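I have placed the structure first, in the form of structure tokens, so that the comments after it can refer back to it.
Note on naming: letters A, B, ... go to the chains in the order of the sequence lines (proteins, then strands), and numbering restarts at 1 for each one. Note that the structure is a prediction, hence the values are computed from the model and not measured.
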Protein chains: 2
Amino acid sequence: MSDNTADEGQVPTPERFTQARAAQSMAVLEDYAEMIDDLAQEMGEARITDIAARMGVTHPTATKAVARLKREGLAVSRPYRGVFLTEEGAALAARVRMRHRVVVDLLVAVGVPQETAEIDAEGLEHHVSDVTLKAFEAFLARR
Amino acid sequence: MSDNTADEGQVPTPERFTQARAAQSMAVLEDYAEMIDDLAQEMGEARITDIAARMGVTHPTATKAVARLKREGLAVSRPYRGVFLTEEGAALAARVRMRHRVVVDLLVAVGVPQETAEIDAEGLEHHVSDVTLKAFEAFLARR
DNA sequence: CTTGATTTATAGCCCTGGCTACATTTCTGT
DNA sequence: ACAGAAATGTAGCCAGGGCTATAAATCAAG
């Protein structure tokens, strides 16, 4: 415990929690966007059943999530047909995938086993800010 | 389990998401437990108003969260009186605080600015598994 | 001791993200 | 072509975590 301007046992400010909650509300969108992108690349299109299976939820749950993606302009679909990302959705998926990779690499770099890194990253990634992501990249680059 | 060890940046398994969702459902409990512990140390007791203010929510929201803590056996309180952690709740708070500190230290150690580290850690910490935490501690120790 | 301010409780609403059950549509194989 | 299988849609339920509005209790002065 040395180098602390303000003490280490610092009391969190309300904003921190507010921010964490905001990040959380994006998490589902991010996960589904990435998954749809995965499936599109793998199978040509993302079907609700496959999305649901991969996300570990039932298909009505996946349908709801896709509905939200559509509402947010991140995906499009026609009844009984596959789901496709909009440009914006694809861009989000790309950012998410990149961030995920960096997070996993960082974890591995500091000694976390690969498999654990993959698992933890799934929850962690949504809370990694741009500043932190940049720091991770810099750390990975200079070692 | 017996996953494929071959592919690295490959398709996430459903279990990862299931696990991330489970971690998320603990997050609120953890945050409130820690906050109640903070306030107990600071002011002798944790009042609903103070909890709410610190968490950045309205008091009915804090009341609900405390109700859940009580239901889970992590806290006790009598009407119109302060909230107190049970032994179990205090133990949780202690673990959470320790983990939070380690996460912040790790972030700072890899180059994340202190303030950013504090903010991101608030969301991150709930998804750091024991294995990863141990790895973080080892990394911090050997540098 | 009474009154007004503060604190806590409660009711009721919204949205999200799970679920099951059931209806409908599409796909597939004979 | 058509029947059965598979996929998708939809309805309705639950819990969680936000909120506002209102009621009740406690606290602090005067």
Side-chain angles (χ1 to χ4, degrees), chain A residues 14-36 39-40 43-72 74-84 122-123 126-127, chain B residues 14-36 39-40 43-84 122-123 126:
Chain A
E15 294 75 36
R16 287 186 198 161
F17 295 104
T18 302
Q19 182 142 340
R21 288 192 293 267
Q24 194 52 41
S25 88
M26 283 287 316
V28 172
L29 269 340
E30 292 177 348
D31 283 338
Y32 277 86
E34 189 181 5
M35 185 58 78
I36 290 168
L39 289 167
M43 329 251 228
E45 72 169 0
R47 295 155 67 240
I48 287 286
T49 296
D50 295 332
I51 296 171
R54 291 274 180 94
M55 297 299 298
V57 298
T58 57
H59 70 268
T61 299
T63 301
K64 269 196 195 178
V66 168
R68 191 175 161 209
L69 280 176
K70 291 169 72 171
R71 222 184 317 133
E72 310 265 348
L74 298 170
V76 291
S77 74
R78 297 187 348 263
Y80 295 98
R81 282 299 181 278
V83 181
F84 300 90
E122 209 60 68
H126 305 290
H127 299 275
Chain B
E15 294 75 35
R16 287 185 198 163
F17 295 104
T18 302
Q19 183 141 340
R21 286 192 294 267
Q24 193 52 39
S25 89
M26 281 288 316
V28 172
L29 267 344
E30 292 177 347
D31 283 338
Y32 277 86
E34 189 180 5
M35 184 59 77
I36 289 168
L39 289 167
M43 329 251 230
E45 71 170 1
R47 295 154 68 237
I48 287 287
T49 295
D50 295 332
I51 296 170
R54 291 274 181 94
M55 297 299 298
V57 298
T58 57
H59 30 88
T61 299
T63 301
K64 267 198 196 176
V66 167
R68 190 174 161 212
L69 280 176
K70 290 168 73 172
R71 219 184 320 131
E72 310 265 349
L74 298 170
V76 291
S77 75
R78 297 189 346 264
Y80 296 98
R81 282 297 180 278
V83 180
F84 299 91
E122 209 61 66
H126 304 291

To the nearest 0.5 Å, what is the distance between [atom1] on [X] and [atom2] on [Y]?
| X | Y | atom1 | atom2 | answer |
| --- | --- | --- | --- | --- |
| A:Gln24 | A:His126 | CD | NE2 | 7.5 Å |
| B:Met26 | B:Glu72 | CE | CD | 7.5 Å |
| B:Leu69 | B:Met35 | CG | CE | 12.5 Å |
| B:Arg16 | A:Arg54 | CZ | CZ | 11.5 Å |

Nucleotide range of DNA chain D contacted by chain B, 5' to 3', under 4.0 Å to a heavy atom?
D:dG16 to D:dC27
Table please: side-chain donor-acceptor pairs of residues 55-67 of chain B below 3.5 Å, with sequence neighbours left out.
from    : atom 1 : to      : atom 2 : distance (Å)
B:Thr58 : OG1    : B:Thr61 : OG1    : 3.3
B:Thr63 : OG1    : B:His59 : O      : 2.9

Which heavy atom of B:Pro14 sits nearest to which heavy atom of A:Ala53, and what is that distance?
CG-O, 3.1 Å
Going by atom type alone, with no hydrogens or angles, which donor-acceptor pairs under 3.5 Å involve a side-chain atom of residues 43-52 of chain B and a protein atom two or more places apart or on another chain?
from    : atom 1 : to      : atom 2 : distance (Å)
B:Arg47 : NH1    : B:Asp50 : OD1    : 3.4
B:Arg47 : NH1    : B:Asp50 : OD2    : 2.8

Could you check whether B:Tyr32 gets within reach of a base, just the sugar-phosphate, or nothing at all, counting any heavy atom under 4.0 Å?
sugar-phosphate
Need one value for A:Thr49: base, sugar-phosphate or nothing, where a base atom within 4.0 Å counts as base even if backbone is also close, heavy atoms only.
sugar-phosphate
Heavy atoms of chain A, cut-off under 4.0 Å: which first and last nucleotide of DNA chain C, 5' to 3', fall inside that, if you could look?
C:dT16 to C:dC27
Non-hydrogen side-chain atoms of B:Val83 and B:Lys70 separated by less than 4.5 Å:
no
Under a 4.5 Å cut-off applied to non-hydrogen side-chain atoms, are A:Arg68 and A:Leu74 in contact?
no
Assuming nearest nucleotide by heavy-atom distance, tell me which of A:Val28 and A:His59 is located more 5' along DNA chain C.
A:Val28
Residues of residues 65-84 of chain B with any non-hydrogen atom less than 4.0 angstrom from an atom of DNA chain D: list those, numerically ordered, please.
B:Arg68, B:Arg71, B:Tyr80, B:Arg81
Taking ring pair (Phe, Tyr, Trp, His ring centres under 6.0 Å) as the definition, give me every residue that meets it alongside A:His127, ordered by chain and number, with sequence neighbours left out.
B:His127
